[in-house]
Number of protein chains: 2
Amino acid sequence: MSETTRALRSDAERTVRTILEAAERVLSKNPAASMEQIAEAAGVARTTVHRRFASRDALVDAMAGWATKQFAAAVEAAHPETTPPLVALYQVTANVLRVKIDWGFAMSRALSSDPEVGRVHAEVEARCDRLFRGAQAAGVLRADVDPDWARRVYYALIHEAAQSHDGDADTLATRLVDTLLRGLGTGKGLA
Amino acid sequence: MSETTRALRSDAERTVRTILEAAERVLSKNPAASMEQIAEAAGVARTTVHRRFASRDALVDAMAGWATKQFAAAVEAAHPETTPPLVALYQVTANVLRVKIDWGFAMSRALSSDPEVGRVHAEVEARCDRLFRGAQAAGVLRADVDPDWARRVYYALIHEAAQSHDGDADTLATRLVDTLLRGLGTGKGLA
DNA sequence: CGAACTTGCGTCATCGGTGTTGCAAGTTGT
DNA sequence: ACAACTTGCAACACCGATGACGCAAGTTCG
């Protein structure tokens with residue numbers, strides 16, 4: 001690869017990133033926004049967007065692909081398999097929140113035309129279930145909770161926490177894990 | 001009003017209900033569905049839909065209006081102000097779930113062109129906060145939880161439970177309230 | 001039967017978003 | 001300066017959804 005090509009490709013990739021970020025910003029506020037609005041938010045002409053992404057679907061797919069990579073990396077970085085369940089739960093939560101806060105729309109596109117995206121999401125889901133089983137074995141998680149319900153509650157709380165405009169990922173993760181495990185009640189008056 | 005007029009209006013209103021229900025069914029699966037698809041699901045011609053609802057927005061607004069009425073009624077029926085907090089929490093949850101399971105899309109349209117819809121949603125939100133304050137006073141809810149976070153967690157759990165395909169509203173409400181108050185943890189190893 | 005009304009069907013115009021192309025102007029590296 | 005490349009801009013064709021008609025056929029009454 002020549003120096004020229006490398007420099008030019010670098011520019012091109014910077015433009016791509018700018019567009020992806022603008023698309024996330026716009027589409028998270030209005031999923032039906034037009035390419036025109038996305039281009040405007042990115043500070044480029046609409047034709048430029050079409051040069052980088054053949055179609056609207058291709059753009060959304062690219063967003064999903066990028067976000068999914070970040071998502072998988074966030075989970076991986078917490079080493080949920082080789083860390084005590086409670087610690088892993090906290091680390092995974094904080095890491096995922098960091099990604100989801102900035103890529104909420106893209107991450108919600110688990111169904112992409114790219115089968116790889118679906119695969120990764122399924123894999124993360126499996127790791128989540130494994131983490132929860134480990135937590136049950138360690139006595140952190142109740143043994144009588146439906147695994148499916150547990151995962152859905154966890155995902156819902158992450159989704160909700162990511163919408164918060166206040167606090168950093170660590171603070172949010174602390175509150176989230178606390179709520180997930182202890183709930184919001186005092187424990188009095190309940191069986 | 002003559003008997004004739006009453007009978008005719010009755011027919012018209014039945015058609016309207018059919019369309020609203022079909023729209024909910026279709027739009028909950030695909031928010032971008034066309035009027036054609038909605039009409040097909042309702043078993044009527046597209047022109048008929050346009051006769052009843054001047055525009056697409058008008059249809060969605062009507063859905064939001066109808067769902068909001070049901071929503072408010074569901075909350076009201078639980079008498080959250082004159083019932084012990086824990087009982088009220090359960091009743092409200094079960095009643096709202098019954099509505100939300102069938103009108104998930106319409107209920108998510110809290111922002112309607114009809115200001116009345118927004119007003120009702122705001123009012124319900126206020127009642128929710130009042131219920132939570134009552135629960136705190138009764139020692140059911142922890143006193144140190146952020147009221148805003150508590151309400152958002154509650155809404156998120158309702159949203160999630162409404163997606164469940166198994167179990168009736170009462171079963172779902174039981175599990176939901178249990179999760180909300182006790183969380184999913186054992187209580188061991190946490191401060 | 002006739003009146004009032006609604007529905008389905010076909011048709012039409014319109015509009016906005018999408019995707020493509022050609023070209024002039026600008027930037028970047030050699 | 002030259003070459004390679006990218007961008008903005010204007011223009012274009014295309015398509016699907018929307019919304020408005022009129023009209024014939026159907027119904028539910030009195």
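Order of the sequence lines sets the chain letters (A, B, ...), proteins ahead of strands, with each chain counted from 1. Everything quoted here is computed from the prediction, not taken from an experiment.
Applying the 4.0 Å criterion to OP1 and OP2 of C/dT21, one finds that A/Thr47 has every side-chain N and O outside that range. Proximity of A/Arg52 to the phosphate of D/dT7: a side-chain N or O atom is located under 4.0 Å from OP1 or OP2. At the phosphate of C/dG8, OP1 or OP2 sits under 4.0 Å from a side-chain N or O atom of B/Thr48. The phosphate of C/dG19 (OP1 or OP2) has no side-chain N or O of A/Arg51 nearer than 4.0 angstrom.
Proximity of residues 22-45 of chain B to DNA chain D (heavy atom under 4.0 angstrom from any strand atom) is restricted to B/Ser34, B/Met35. In the region residues 55-67 of chain A, proximity to DNA chain C at under 4.0 angstrom, judged on heavy atoms, holds for A/Ser55, A/Arg56.
Under the salt bridge (Lys or Arg N to Asp or Glu O under 4.0 Å) criterion, A/Arg25 pairs with no residue, sequence neighbours left out. Legend: residues meeting ring-ring contact (aromatic ring centres under 6.0 Å, His included) with B/Phe132, ordered by chain and number and at least two apart, are B/Tyr154. Residues that satisfy the ring-ring contact (aromatic ring centres under 6.0 Å, His included) test with A/Phe105, not counting sequence neighbours, are absent from this structure. Judged as a side chain to side chain contact (heavy atoms under 4.5 Å, CB included), and not counting sequence neighbours, the contacts of A/Thr47 are A/Ala45, A/Arg51.
Distance CZ (B/Arg14) to P (C/dC5): 18 Å, rounded to an integer number of Å. For the pair B/Arg46 CZ and C/dG8 C1', the computed distance is 12 Å after rounding to whole Å. Nucleotide D/dA20 holds its C1' atom 18 Å from the CZ atom of B/Phe53, rounded to whole Å. Going from atom NE2 of A/His50 over to atom C1' of D/dA11 covers 15 Å, rounded to whole Å.
Here A/Ser55 contributes atom OG and A/Met35 contributes atom CE; the two are 7.5 Å apart, rounded to the nearest 0.5 Å.
Under the salt bridge (charged side-chain N to carboxylate O under 4.0 Å, His left out) criterion, the residue pairs touching residues 28-49 of chain B are B/Glu36-B/Arg46, with sequence neighbours excluded. Sorted by first and then second residue, the salt bridge (charged side-chain N to carboxylate O under 4.0 Å, His left out) pairs with a member in residues 55-65 of chain B form an empty list; sequence neighbours excluded. Applying the salt bridge (charged side-chain N to carboxylate O under 4.0 Å, His left out) test to residues at least two apart or on different chains, the pairs with a partner in residues 74-84 of chain B are B/Glu76-B/Arg127, B/Glu81-B/Arg127, B/Glu81-B/Arg130. Applying the ring-ring contact (aromatic ring centres under 6.0 Å, His included) test to residues at least two apart or on different chains, none of the pairs has a partner in residues 21-50 of chain B. Among pairs with a residue in residues 148-160 of chain A, those fulfilling salt bridge (charged side-chain N to carboxylate O under 4.0 Å, His left out) read A/Glu125-A/Arg151, A/Asp129-A/Arg151, A/Asp148-A/Arg151, A/Asp148-A/Arg152, A/Arg152-B/Glu160, A/Glu160-B/Arg152, at least two apart in sequence or across chains.
Summary of helix geometry: the two end axes of the helix from C/dC1-D/dG30 to C/dT30-D/dA1, each defined by five base pairs via their C1' atoms, are inclined to each other by 30° (rounded to 10°).
Ring pair B/Phe71/B/His121 is tilted by interplanar angle, where 30° to 60° counts as tilted.
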